[in-house]
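Report on one structure; see the data block that follows.
Labels below follow one simple rule: chain letters A, B, ... track the order of the sequence lines, proteins then strands, and each chain is numbered from 1.
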Protein chains: 2
Amino acid sequence: MNSRENKPGEAAPAASPRHRPERAHPVTLRDVAEAAGVSTATVSLVVNKKKDARIAEETRQRVKDAIRALGYRPNAMAKTLVSGTSRFIGLVADGVATTPFAGQIIHGAQDEAWKHGYALLIANTEGNRELEQDAISMMLEYKVRGILYSTWFHRETDIPASLREADFVLVNCFAAEPGARAVVPDEVQGGKSATEILLRHGHRRIAFINATIPAPAKDGRLLGYRQALEEAGIAFDPGLVMEAYPDQEGGYGATGELLKRSATAVYCYNDRMAMGLYDGLREHGLSIPEDLAVVGFDNQEVIAAHLRPPLSTVALPHYELGAAGVRMLLGLEETAGAEAAKIHCPTVERNSVRVAARAKT
Amino acid sequence: MNSRENKPGEAAPAASPRHRPERAHPVTLRDVAEAAGVSTATVSLVVNKKKDARIAEETRQRVKDAIRALGYRPNAMAKTLVSGTSRFIGLVADGVATTPFAGQIIHGAQDEAWKHGYALLIANTEGNRELEQDAISMMLEYKVRGILYSTWFHRETDIPASLREADFVLVNCFAAEPGARAVVPDEVQGGKSATEILLRHGHRRIAFINATIPAPAKDGRLLGYRQALEEAGIAFDPGLVMEAYPDQEGGYGATGELLKRSATAVYCYNDRMAMGLYDGLREHGLSIPEDLAVVGFDNQEVIAAHLRPPLSTVALPHYELGAAGVRMLLGLEETAGAEAAKIHCPTVERNSVRVAARAKT
DNA sequence: CTGAAAGCGCTAACAC
DNA sequence: GTGTTAGCGCTTTCAG
């Protein structure tokens, strides 16, 4: 049935100009063995650089030459078949590839996986349950070393049944059930850090525009704010916290309310709100940071770094989440207790906070 | 060395609370065959739903039951080993996972690949030649169906030698050498569309702030601008085109120059410049679109959709690039001539252009 | 030091 | 309709 025309041994001089180099690379271990006049076992040993196996230097060289001459490539599938587990790590995401900054989860996972000799197999499920199921099945069938199950924003999730057939860790999400390994951003510390930037610059009346929609981030960032105030010996004033939809329009819309509070600084739930707030403040003829200092959250590069003035904020450690997820999967990171591991959210200072405006109330 | 304690055969009632379900799933085709009292060939046939093979309904059912009962999963590696080529498509990127919006290339490729039964194997090389080499080797060893070689911004590239060992297509980049399949955005059409938005609203004196750095986008977008003017019967005025660094600061900095040109509308090389320009214009007390209409390019969601007013722009079709790349690789898309396929850049109208300001020069 | 041979799990002829 | 069998390319004892 096979209708290849090249007489074996002939170099097949550039058959079709483009398209598949379909000469099907039939160069196998055996071919190399024959060419070098040794057995396949020997070739296997030199290919895998087994330290213990003592091969005559002369033989080794002969094999290496043959490999080069024939353009041999090991067949990873055969290798995996024998060993039983591949060098793949699966990453199923409900939308990280879609959303701007969370692509960093992929990036971090990929770098870390690579570092340990693993390749990333990704599947974007866009939240589609069925697709997700298929993706996990596929990964299982390809004998992945384990699966990273990630979400594009920090939230609780349930664990698809088939996921349990593999070694897995949740990334940027967590499950109610104890024992499921997970890594998430440390929202509380982040909120605390954000507030502390302001505190450090002498502000005492600091407003917080929180999100309206429930999420671990909403609770955590508020808690961090309160902790920071408390440690600074400032009483928590509920009147200083507002809520708005967490995007530019929400931030813009909150301007009026905010100004009634006569705060000297404001900490926004995220950078997008801060961006809207910038516009609102400008319309009121107010300038940042002189009239009001502002800090955001997320460190959404395109926005934060290029607002005028550039926005001080706290970064969501997406890259680290991906990397830590891989490390945890591979058992390189200690799994502390039953809790999800919390990744530190670093502070990024720019110019939207400088001197305390009319500080000291 | 292995110190697992479960007696084999026992259901292992939640042995270790977390970590690997290391029961190594040794359920093979043969196991199913034995359980169902048929041969492996029969099981293989029902698993792969071969239409032609006529299997007694009763037998088929018995096999299915056995499969379910044992929790059988086919081993994709073994399957691939037999067939010679996997259901993988490799995607090597120099930074798409890193950059905000270009992650859409991954997304589009993944969706399209999945649609045809392929999974995506990705590798982010961050421009590192060596890493790139390793990534390609790995993909070759895993017998990928083909490789998508992509760049995070549209540019010329050279083709790594090992890439030729596979079936490949360039995505968002192109090679000097003819015959290499490639898919890129249609910059000229994009530039033309951007200009036409303005034209359609009655503007005749349209400025263009181009980028300072050389790129296909720089040339293409300018050409499109000129074509649009020409078709509208407007003479090209070199005095109306400026150049600036293509980011917020660049756009902001170009404000002064722009205002000297007394244009009624401006088309910016990208959304980031437009964002900076918004700030500049505002400082001059000018409003958009009344005093000046503006359009951008890229449709960088976080920015364009949420500026005040929301920015009209032309989208870079990243998702489509990824999808078209896969289609081309699979031979589903006709490769027209030796040229790279050009993907249409759709127009996204928002409110930064409305009525012609002081139109008619 | 190197070769022979037995599989890894599955598919595809080809019998029966 | 269903079973037998010969590999796919590689690793790995076990002999020699």
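Mapping B:Arg62 and B:Ala78 onto DNA chain D by nearest heavy atom places B:Arg62 closer to the 5' end of the strand.
Note on the helix from C:dC1-D:dG16 to C:dC16-D:dG1: terminal axis deviation equals 40°, with five pairs used at each end and the result rounded to 10°.
The residues A:Glu165 and B:Arg73 are annotated as salt-bridged, a charged nitrogen and a carboxylate oxygen being separated by less than 4.0 angstrom.
Relative to the side chain of B:Leu29, the nucleotides D:dT11, C:dC10, D:dC10 differ in distance, and C:dC10 lies closest. Taking every side-chain heavy atom of B:Ala41 into account, C:dA13 is the closest of D:dC10, C:dG3, C:dA13. Out of C:dA5, D:dC10, C:dT11, the shortest distance to the side chain of B:Ser44 is found at C:dT11. Side-chain proximity of A:Thr40 to the nucleotides C:dG3, D:dT11, C:dG9 is greatest for D:dT11.
Here A:Glu58 pairs with A:Arg62 under the side chain to side chain donor-acceptor pair (under 3.5 Å) rule; sequence neighbours left out. The side-chain contact (heavy atoms from CB on, under 4.5 Å) check on B:Ile136 picks up B:Val92, B:Glu132, B:Leu140, B:Ile147, B:Pro160, B:Ser162, B:Leu163, with sequence neighbours excluded. Residues satisfying the side chain to side chain donor-acceptor pair (under 3.5 Å) test with B:Glu34, not counting sequence neighbours, are none. By the side chain to side chain donor-acceptor pair (under 3.5 Å) test, A:Ser83 pairs with no residue at all, sequence neighbours left out.
For the pair B:Leu81 CG and C:dA12 C1', the computed distance is 14 Å after rounding to whole Å. Atom CZ of B:Arg87 is separated from atom P of C:dT11 by 13 Å (rounded to the nearest Å). Rounded to whole Å, the distance from CD1 on B:Ile67 to P on C:dC10 is 10 Å. Distance NZ (A:Lys79) to P (D:dT11): 5 Å, rounded to an integer number of Å. When rounded to the nearest whole Å, the span between CG of B:Asp31 and P of C:dG9 equals 8 Å. In this structure, A:Glu141 places its CD atom 15 Å from P of C:dG9, rounding to the nearest Å. Taking atom CG of residue A:Leu45 and atom C1' of nucleotide C:dG3, one finds them 11 Å apart after rounding to whole Å. The interatomic distance linking B:Asn48 (CG) with C:dA12 (C1') rounds to 11 Å, in whole Å.
Nucleic acid contact class of B:Val38 (heavy atoms, under 4.0 Å, all strands): sugar-phosphate only. Looking at heavy-atom distances under 4.0 Å, B:Thr59 makes contact with sugar-phosphate atoms alone, never a base. Residue B:Ala56 is classed as a sugar-phosphate contact, given heavy-atom separations below 4.0 Å to backbone atoms only.
Residue A:Thr42 has a polar side-chain atom (N or O) positioned under 4.0 Å from OP1 or OP2 of C:dG3. Side-chain N/O atoms of B:Ser39 include none lying less than 4.0 angstrom from OP1 or OP2 on D:dT2. Close to D:dC10, at under 4.0 Å from its OP1 or OP2, lies a side-chain N or O of A:Tyr72.
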Check: Under the side chain to side chain contact (heavy atoms under 4.5 Å, CB included) criterion, do A:Leu330 and A:Ile89 qualify, and how do the steps go?
Finding: CA-CA 10 Å; A:Leu330 262 21; A:Ile89 286 178; 4.1 Å; yes

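Counting only residues at least two apart or in different chains, salt bridge (charged side-chain N to carboxylate O under 4.0 Å, His left out) contacts with residues 322-332 of chain A comprise A:Glu112-A:Arg327, A:Glu320-A:Arg327, A:Arg327-A:Glu333.
The backbone N or O of A:Arg145 sits nowhere less than 3.5 Å from a side-chain atom of A:Thr85 that would complete a donor-acceptor pair.
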